[in-house]
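Okay, so here's the structure we're looking at.
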Amino acid sequence: MLIATFNINGIKARIEALPRWLDASRPDVVCLQEIKSLDEAFPREVFEDMGYRVETHGQKSFNGVAILSRLPLEDVVRGLPGDTSDEQARWIEATVMAPRPIRVCGLYLPNGNPAPGPKYDYKLAWMARMEQRLRDLLATEEAFVCAGDYNVIPQAEDAARPELWADDALFLPQTRAAFRQMLNLGLTDAFRARVEGPGHYSFWDYQAGAWERNNGIRIDHLLLSPQAADRLTGAGIDKQVRAGDKPSDHVPVWIMLDD
DNA sequence: ATGTCCTTACCTTAAGGA
């Protein structure tokens, strides 16, 4: 089973590039971030006609996440549990009904810039809330994957020019510590379980010729529960998508799991 | 570290977010 995450930076702007990638890669499940659309405005028919079920958790203008799946989805949860006052659409979960079901969480973790400040406080609070959700999921001892835009550069090797990010909310020690704390619950960074070394990125800024200079960062991740990690057979980044027509600033990151 | 892109509100342009 092929599961991917893709921050599309607006469904309207990506209405050609996203189907093009789906046709080429044929993932079974895709977690989308930054759909920037209300649920009722999401062009679900485009993807249903391609054989996908569509579950969205959107909001106007900003944020918004979705899960596309060729397999049936059950028990959809919208919104990260733990704070009913949080109105930002950044989390969606569903169980993919394969022969061995797997819980899939799609997330768009807050950017947090500028740091310090209220936006960074929100990021750290959101990460603490996500950690609690991970603890609850781990307690079920079932297979799950948390796939999305984490807005976290885990290590210096995950940035082409780490010195540029020293004061950025994506790379501050507190950010990286909160991410590490999630891993240390017993989760696996799927990409790093399969690929070692520098030079692997999932985001290149539109500005300052970042793509042409390969000035990228790896911030889109799939974290696996132990039961999911047992089934991991491959992981990769679809870098070539960034060179296509009208690309997102992110590219898809994927894992292959035993069915 | 700003050479861009996306969205909305409201228009032939600007602001906010990333």
Side-chain angles (χ1 to χ4, degrees), chain A residues 5-21 31-44 46 56-66 80 86-91 106-127 130 147-154 156 158-176 178-179 201-221 238-253:
Chain A
T5 177
F6 190 4
N7 181 324
I8 56 173
N9 189 17
I11 186 58
K12 290 189 196 80
R14 231 54 64 201
I15 199 58
E16 292 183 11
L18 176 56
R20 193 188 312 140
W21 169 73
C31 296
L32 300 176
Q33 301 87 40
E34 287 204 87
I35 64 172
K36 297 186 177 178
S37 164
L38 292 166
D39 293 333
E40 55 268 34
F42 190 86
R44 56 170 47 247
V46 171
T56 60
H57 180 43
Q59 70 180 88
K60 198 180 182 72
S61 307
F62 306 118
N63 307 323
V65 288
L80 179 61
D86 185 359
E87 293 178 354
Q88 298 194 30
R90 297 180 174 277
W91 181 272
L107 66 120
Y108 176 47
L109 205 146
N111 176 293
N113 282 304
K119 292 191 174 181
Y120 193 57
D121 295 342
Y122 175 69
K123 177 177 194 155
L124 293 177
W126 202 96
M127 292 181 87
M130 177 171 166
D149 176 357
Y150 281 69
N151 272 311
V152 174
I153 303 167
D158 297 309
R161 300 184 58 190
E163 71 278 9
L164 297 180
W165 300 91
D167 300 320
D168 193 284
L170 280 62
F171 194 54
L172 283 173
Q174 245 188 308
T175 304
R176 297 164 59 203
F179 181 76
Y201 312 125
S202 65
F203 169 92
W204 294 260
D205 202 306
Y206 288 124
Q207 301 186 66
W211 168 247
E212 289 75 11
R213 294 161 190 251
N214 196 26
N215 180 15
I217 51 177
R218 191 176 71 92
I219 57 175
D220 298 273
H221 309 298
D238 284 352
K239 180 179 181 177
Q240 77 289 347
V241 171
R242 188 64 174 78
D245 286 340
K246 235 176 164 290
S248 170
D249 40 5
H250 296 250
V251 297
V253 182

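The model shown is predicted, which means the values in this text are computed figures rather than measured ones. To find a chain, count down the sequence lines: A is the first, B the second, and so on, and within it residues start at 1.
Candidate nucleotides B:dT4, B:dA18, B:dG3 were compared by shortest atom distance to the side chain of A:Tyr206, and B:dT4 ranks first. Distance from the side chain of A:Asn111 is smallest to B:dA18 among B:dA18, B:dA1, B:dC6.
For the atom pair A:Phe203 CZ and A:Asn151 CG, the distance stands at 8.5 Å (nearest 0.5 Å). Note that CD1 of A:Ile219 is 13.0 Å distant from OH of A:Tyr201, once rounded to the nearest 0.5 Å. The CD atom of A:Gln59 sits 9.0 Å away from atom CD1 of A:Ile35, with the distance rounded to the nearest 0.5 Å.
Between A:Ala13 and A:Lys119, the residue whose closest nucleotide on DNA chain B is further toward the 5' end is A:Ala13. Each of A:Pro247 and A:Asn113 has a nearest nucleotide on DNA chain B; the 5'-most of these lies closest to A:Pro247.
Using N1 to N3 plus N6-O4 or O6-N4 for Watson-Crick, or N1-O2 and O6-N3 for G-U wobble, each under 3.5 Å, B:dC10 pairs with nothing. Base pairing annotation: B:dC5 forms a Watson-Crick or G-U wobble pair with B:dG17, both donor-acceptor distances under 3.5 Å.
Taking atom CD1 of residue A:Ile35 and atom C1' of nucleotide B:dA18, one finds them 17 Å apart after rounding to whole Å. Put simply, NZ on A:Lys36 is 18 Å from P on B:dA15, counting in whole angstrom units. Rounded to whole Å, the distance from CG on A:Leu109 to P on B:dA18 is 12 Å. Rounded to whole Å, the distance from CG on A:Asp249 to C1' on B:dC6 is 9 Å. One interatomic measurement links the two molecules: OH of A:Tyr122 to P of B:dA18, which rounds to 10 Å at whole-angstrom precision. Between the C1' atom of B:dG17 and the OH atom of A:Tyr108 lies a distance of 8 Å, rounded to the nearest Å. The distance from atom CZ of A:Arg90 to atom C1' of B:dA18 is 10 Å, rounded to the nearest whole Å. In this structure, the CD1 atom of A:Ile8 is 12 Å from the C1' atom of B:dC6, given to the nearest Å.
The residue A:Ala208 sits close to a base: some heavy atom pair falls under 4.0 Å. In this structure, A:Trp165 reaches the bases: a heavy-atom distance under 4.0 Å links it to at least one base atom across the strands shown. Counting non-hydrogen atoms under 4.0 angstrom, A:Phe203 reaches nothing in the nucleic acid. Looking at heavy-atom distances under 4.0 Å, A:Arg14 makes contact with sugar-phosphate atoms alone, never a base.
On the C1' atoms, B:dT2 is 15 Å away from B:dG17, given to the nearest whole Å. A gap of 22 Å separates the P atoms of B:dT7 and B:dG3, to the nearest Å. Going from the P atom of B:dC5 to that of B:dC10 covers 26 Å, rounded to whole Å.
A 4.5 Å side-chain heavy-atom check between A:Pro154 and A:His221 finds at least one atom pair inside the cut-off. A:Trp204 is listed as a side-chain neighbour of A:Lys239, based on a closest heavy-atom distance under 4.5 Å.
Just one residue in the list A:Asn113, A:Asn111, A:Thr175 forms a side chain to side chain donor-acceptor pair (under 3.5 Å) with A:Tyr120, and that residue is A:Thr175.
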